[in-house]
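Below: one structure, written as structure tokens.
All figures in this text were calculated on a predicted structure; none of them were measured in a lab.
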Amino acid sequence: MALLISSICLAFEPPVSGNWIFIAGDEQVETWINADMLNFHRNEDFYSSCNNHIIADVVSLTHSDYETPELVYLALTRFDLNCATGKGVLMEVYDLDTNELVDSKRGMNNFHAVIPGTIESMIMEEARSLGRNRGYW
């Protein structure tokens, strides 16, 4: 994800290339996902009730002008598109002025229910739509 940030940093400009899809935002916070980095695969945990479900790994970018306009957040989230669950895998925070990684956190081990109406649910729904377009549904 570090290489990805170099195309965005140095004074924040919203991503405009065709691979970034705007998810939601207002005058203070905006979120996009990267369609080129979207990865679909099947859950291969034979001991899980979710075995063979479609999994989407999604890279999202969030920027807020409210409290921390100098930072941009990149997250990798894994969604089970059949169960409507998700889990954070990795979050990285970059400083726009220096292009440096400020913070990095590993995500959760367990999936949680995705709550309708949240940014997370909007990201999951866009991944579902892209999965249909790519023949996974």
Side-chain angles (χ1 to χ4, degrees):
M1 287 200 314
L3 295 175
L4 180 63
I5 200 65
S6 64
S7 66
I8 298 163
C9 287
L10 297 178
F12 184 76
E13 291 293 328
V16 294
S17 66
N19 59 334
W20 286 100
I21 299 170
F22 180 75
I23 297 298
D26 56 25
E27 51 284 336
Q28 294 181 339
V29 179
E30 296 179 318
T31 300
W32 297 265
I33 65 169
N34 189 301
D36 290 346
M37 296 183 79
L38 188 60
N39 181 37
F40 294 97
H41 53 96
R42 296 271 181 187
N43 182 351
E44 295 181 358
D45 181 356
F46 297 107
Y47 300 104
S48 168
S49 61
C50 298
N51 183 39
N52 209 31
H53 284 191
I54 298 172
I55 304 296
D57 296 327
V58 182
V59 173
S60 63
L61 177 144
T62 300
H63 179 258
S64 171
D65 279 333
Y66 181 61
E67 292 182 10
T68 55
E70 72 282 3
L71 300 178
V72 67
Y73 301 82
L74 282 176
L76 174 60
T77 306
R78 178 164 289 157
F79 294 100
D80 181 323
L81 300 181
N82 297 83
C83 289
T85 58
K87 70 176 180 176
V89 176
L90 177 67
M91 169 151 324
E92 294 182 342
V93 182
Y94 290 88
D95 185 305
L96 291 169
D97 296 328
T98 64
N99 260 6
E100 292 182 7
L101 180 66
V102 175
D103 194 10
S104 179
K105 294 182 180 169
R106 294 279 174 199
M108 301 172 281
N109 291 325
N110 298 317
F111 282 90
H112 62 275
V114 174
I115 299 169
T118 62
I119 293 292
E120 187 179 43
S121 72
M122 293 177 202
I123 291 170
M124 186 181 67
E125 287 307 317
E126 186 64 33
R128 275 189 176 140
S129 175
L130 291 167
R132 280 186 205 100
N133 291 343
R134 295 179 184 181
Y136 286 92
W137 240 243

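Atom CD of E120 sits about 5.0 Å away from atom CZ of F79, to the nearest 0.5 Å. The CZ atom of F40 sits 11.0 Å away from the CZ atom of R128 when rounded to the nearest 0.5 Å. The distance from atom CG of L76 to atom CE of M91, rounded to the nearest 0.5 Å, is 10.5 Å.
Looking at H112, its side chain does come within 3.5 Å of a backbone N or O of G86 through a donor-acceptor pair.
Applying the salt bridge (charged side-chain N to carboxylate O under 4.0 Å, His left out) test to pairs two or more places apart or on separate chains, those with a residue in residues 98-119 are D103-K105.
The hydrophobic clustering, which links ILVMFWY residues whose side-chain heavy atoms are closer than 4.5 Å, places L96 and V29 apart. Hydrophobic clustering of Ile, Leu, Val, Met, Phe, Trp and Tyr side chains at less than 4.5 Å, counting indirect connections, unites L101 with L61.
Taking the side chain as every heavy atom from C-beta outward, R42 and I54 approach each other to under 4.5 Å. At a threshold of 4.5 Å between non-hydrogen side-chain atoms, the residues M124 and L81 count as touching. Side-chain atoms of I123 and T77, non-hydrogen and from C-beta on, never get closer than 4.5 Å to each other. Put simply, the side chain of I33 reaches to within 4.5 Å of the side chain of L130, judged on heavy atoms.
For T31, the side-chain hydrogen bond (donor to acceptor under 3.5 Å, both in side chains) partners at least two apart in sequence or on another chain are T62. The side-chain hydrogen bond (donor to acceptor under 3.5 Å, both in side chains) check on S64 picks up nothing, with sequence neighbours excluded. Scanning for side chain to side chain contact (heavy atoms under 4.5 Å, CB included) contacts around H41 gives N39, I55, D57, R78, with sequence neighbours left out. Not a single salt bridge (Lys or Arg N to Asp or Glu O under 4.0 Å) links D36 to another residue, sequence neighbours left out. Partners of Q28 according to the side-chain hydrogen bond (donor to acceptor under 3.5 Å, both in side chains) rule, which considers only residues two or more places apart in sequence or in another chain, do not exist here. With sequence neighbours left out, E126 forms a side-chain hydrogen bond (donor to acceptor under 3.5 Å, both in side chains) with no residue at all. In this structure, E70 has no salt bridge (Lys or Arg N to Asp or Glu O under 4.0 Å) partners at least two apart in sequence or on a different chain.
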